[in-house]
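Note: hydrogens, waters and symmetry copies are ignored here, and every other heavy atom, side chains too, is used. Sequence positions, counted from 1, serve as the residue numbers for this chain. As the structure is a computational prediction, the values presented were derived from the model and not from experiment. Atoms within each ligand, like the ligands themselves, are counted from 1 in listed order.
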Amino acid sequence: MTRYDFTDQVVMITGAGSGFGRLAAGAFADAGALLALCDLDPETLQDTVRLHGLDEDRILTMGCDVSAATAVDAFVAACVARFGQIDVAINNAGIGHELKRMADLDEATFDRNIAVNLKGVFLCMRAQLPHMVAQGGGAILNVSSVAGLLGAPMMSAYAAAKHGVIGLTKTAALEYARKHVRVNALCPAFTRTPILDPLVQSGRGNTLDNMAAAIPIGRLGEPAEIVQAMLWACSRENSFLTGQAITLDGGMSAG
Ligand code: NAD
């Protein structure tokens with residue numbers, strides 16, 4: 001991975017107990033950051049810490065459901081109490097849902113997906129932005145999806161939430177540009193993480209090979225490719241990048 005310097009910058013990552021969030025924790029720590037990590041399942045954060053050999057003195061870990069305002073506010077407050085600021089926020093926590101055509105999707109599944117994938121990002125930004133404004137700037141990266149740019153058959157709630165994340169991102173970027181807070185979204189296509197497991201196990205004939213075939217480059221994304229983009233997008237050198245949906249999809253959205 002290309003080296004970026006985040007020495008003593010405070011980096012907050014939601015959903016850091018698996019997939020992109022877990023790998024990002026290791027990458028930002030390697031780049032010198034102090035970390036505030038949360039996940040719905042706090043046990044998984046201990047595995048993240050062990051896996052990367054992270055220095056406990058430079059990390060805050062906390063259980064947090066990003067769909068609950070009180071939990072998000074408490075996580076952000078704990079980060080500021082511990083480290084004094086938030087330089088970078090990666091709002092990454094997310095869930096998929098059962099593959100169903102729209103007419104067959106139940107209301108509870110729709111509501112939960114919107115609550116975690118869309119409202120969660122709103123609640124995180126709402127809590128993070130005042131601190132970034134007060135300290136004179138910062139960088140926020142919201143993890144959307146290529147399903148935030150294109151229709152996603154059988155994934156209507158997920159696609160709606162991820163499109164909404166881009167709307168929130170662009171709006172926040174405009175509202176806070178003069179406050180030196182950069183806000184961008186990342187839009188990956190299928191990348192090999194545990195979020196794909198239920199799709200493969202759904203019995204609908206989805207295989208990793210089928211997913212790879214839908215990507216022009218002919219393979220799934222690798223988590224390291226997504227994390228590399230997180231480092232790039234949030235680095236201070238990238239000071240003119242804001243309001244963008246950065247697409248990492250092996251060419252999927254080009255066709
Ligand atoms: P993952 O399942 O490996 O990790 C997601 C993490 O989010 C898990 O640790 C999970 O416990 C946590 N989480 C779920 N609900 C939460 C909640 N309510 N509060 C706090 N934490 C919660 O999946 P991943 O692929 O690493 O996904 C990370 C992000 O990337 C998600 O937003 C996902 O939608 C997005 N994404 C993934 C892909 C892909 O193919 N892997 C593609 C596009 C977008």
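- Regarding atom 43 (C) of ligand 1, its nearest protein heavy-atom neighbour is Pro188 O, 3.1 Å.
- Ranking protein heavy atoms by distance to atom 24 (P) of ligand 1, first place goes to Thr193 OG1, 3.4 Å.
- On a distance-only criterion, Val116 and ligand 1 share no N/O pair closer than 3.5 Å.
- Taking the side chain as every heavy atom from C-beta outward, Asp249 and Ile215 never approach each other to under 4.5 Å.
- Residue Ser144 touches ligand 1 through its backbone alone, judged by heavy-atom distances below 4.0 Å.
- Polar contact check, Asn92 against ligand 1: a nitrogen or oxygen pair lies under 3.5 Å apart.
- For ligand 1, the polar-atom distance check against Asp41 finds no nitrogen or oxygen pair separated by under 3.5 Å.
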Decide side-chain hydrogen bond (donor to acceptor under 3.5 Å, both in side chains) for Asp5 and Thr7; before the verdict, give the C-alpha distance in whole Å, the side-chain angles of both, and the deciding distance to 0.1 Å.
-> CA-CA 6 Å; Asp5 184 9; Thr7 302; 2.4 Å; yes
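- Residue contact check: Gly19 has heavy atoms under 4.0 Å from atoms 3 (O), 26 (O) of ligand 1.
- Contact annotation for Ala16 and ligand 1: no heavy atom of the residue comes within less than 4.0 Å of the ligand.
- Listed by number with element, the atoms of ligand 1 under 4.0 angstrom from any heavy atom of Gly15 are 6 (C), 7 (O), 12 (C).
- Considering each of Leu40, Val227, Val143, the one bringing a non-hydrogen atom nearest atom 35 (C) of ligand 1 is Val143.
- Residue, atom and distance of the protein heavy atom nearest to atom 8 (C) of ligand 1 are Asp39 OD2, 3.5 Å.
- Contact check for Glu107 versus Asp111: side-chain heavy atoms found under the 4.5 Å cut-off.
- Taken together through direct or relayed side-chain contacts under 4.5 Å among Ile, Leu, Val, Met, Phe, Trp and Tyr, Val88 and Phe20 form part of one hydrophobic cluster.
- For ligand 1, the atoms closer than 4.0 angstrom to any heavy atom of Asp65 are 17 (C), 18 (N), 19 (N).
- Under a hydrophobic-cluster definition in which Ile, Leu, Val, Met, Phe, Trp and Tyr are linked whenever side-chain heavy atoms come within less than 4.5 Å, directly or via other members, Met12 and Val143 are assigned to different clusters.
- Under 4.0 Å from ligand 1, the heavy atoms of Ile95 that appear belong solely to its side chain.
- Without hydrogens or angle criteria, His163 side chain to Gly151 main chain gives no donor-acceptor distance under 3.5 Å.
- Thr247 is not listed as a side-chain neighbour of Met252, based on a closest heavy-atom distance of 4.5 Å or more.
- Linking Ile, Leu, Val, Met, Phe, Trp and Tyr whenever their side-chain heavy atoms come within less than 4.5 Å leaves Ile226 and Val165 in two separate clusters.
- For atom 20 (C) of ligand 1, the nearest non-hydrogen atom of the protein is Cys64 O, 3.1 Å.
- For atom 41 (N) of ligand 1, the choice among Thr191, Asp197, Asp249, Ile13 with the nearest heavy atom turns out to be Thr191.
- When the side chains of ILVMFWY residues are joined at heavy-atom separations under 4.5 Å, either directly or via intervening members, Leu123 and Leu40 end up in two distinct hydrophobic clusters.
- Annotation: side chain of Thr109 is not in contact with side chain of Lys100 (no heavy-atom distance under 4.5 Å).
- Numbered from 1 in the order shown, with element, the atoms of ligand 1 that lie under 4.0 Å from a heavy atom of Phe190 read 40 (O).
- When side chains are defined from C-beta on, Ser18 does not count as touching Thr193, because their heavy atoms never get closer than 4.5 Å.
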So Ser67 and Arg112, side-chain hydrogen bond (donor to acceptor under 3.5 Å, both in side chains) or not? Walk me through it.
-> CA-CA 9 Å; Ser67 70; Arg112 183 64 186 156; 2.9 Å; yes
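- Residue Met154 is grouped with residue Tyr158 when hydrophobic side chains (ILVMFWY) are merged at heavy-atom distances under 4.5 angstrom, including chains of intermediate members.
- If you look at Met211 next to ligand 1, there are no close heavy atoms at all, none under 4.0 Å.
- No N or O atom of Leu196 sits closer than 3.5 Å to an N or O atom of ligand 1.
- Those atoms of ligand 1 with a heavy atom of Arg112 less than 4.0 angstrom away are 18 (N).
- Taking only nitrogen or oxygen atoms, main chain and side chain alike, Val146 does not reach within less than 3.5 Å of ligand 1.
- Nearest non-hydrogen protein atom to atom 19 (N) of ligand 1 is Val66 N, 3.0 Å.
- Within the set Gly94, Gly21, Ala189, the minimum heavy-atom distance to atom 5 (C) of ligand 1 is found for Gly94.
- Of the protein's non-hydrogen atoms, the one nearest atom 3 (O) of ligand 1 is Ser18 OG, 2.5 Å.
- Contacts between Cys38 and ligand 1 below 4.0 angstrom, taking non-hydrogen atoms only, are absent altogether.
- Within the 4.0 Å heavy-atom criterion, neither part of Leu220 lies near ligand 1.
- Side-chain atoms of Asn142 do not come within 3.5 Å of backbone N or O of Val121 as any donor-acceptor pair.
- Looking at Leu220 and Thr191, their side chains never come closer than 4.5 Å, going by heavy atoms from C-beta outward.
- Using a 4.5 Å heavy-atom threshold, the side chains of Arg82 and Leu34 count as separate.
- For ligand 1, the polar-atom distance check against Tyr158 finds a nitrogen or oxygen pair separated by under 3.5 Å.
- From the protein, the heavy atom lying nearest to atom 37 (C) of ligand 1 is Phe20 CE1, 3.5 Å.
- Among all non-hydrogen protein atoms, the one lying nearest atom 13 (N) of ligand 1 is Ala93 CB, 4.1 Å.
- A donor and an acceptor atom, one from each side chain of Asn238 and Ser235, are nowhere located under 3.5 Å apart.
- Proximity of Phe6 to Asp87: side-chain heavy atoms (C-beta onward) are nowhere separated by under 4.5 Å.
- The proximity of Arg22 to ligand 1, defined as any non-hydrogen pair under 4.0 Å, does not occur for either the backbone or the side chain.
- Residue contact check: Lys162 has heavy atoms under 4.0 Å from atoms 31 (C), 32 (O), 33 (C), 34 (O) of ligand 1.
- Counting the atoms of ligand 1 from 1 in the order shown, those under 4.0 Å from a heavy atom of Pro194 are 3 (O).
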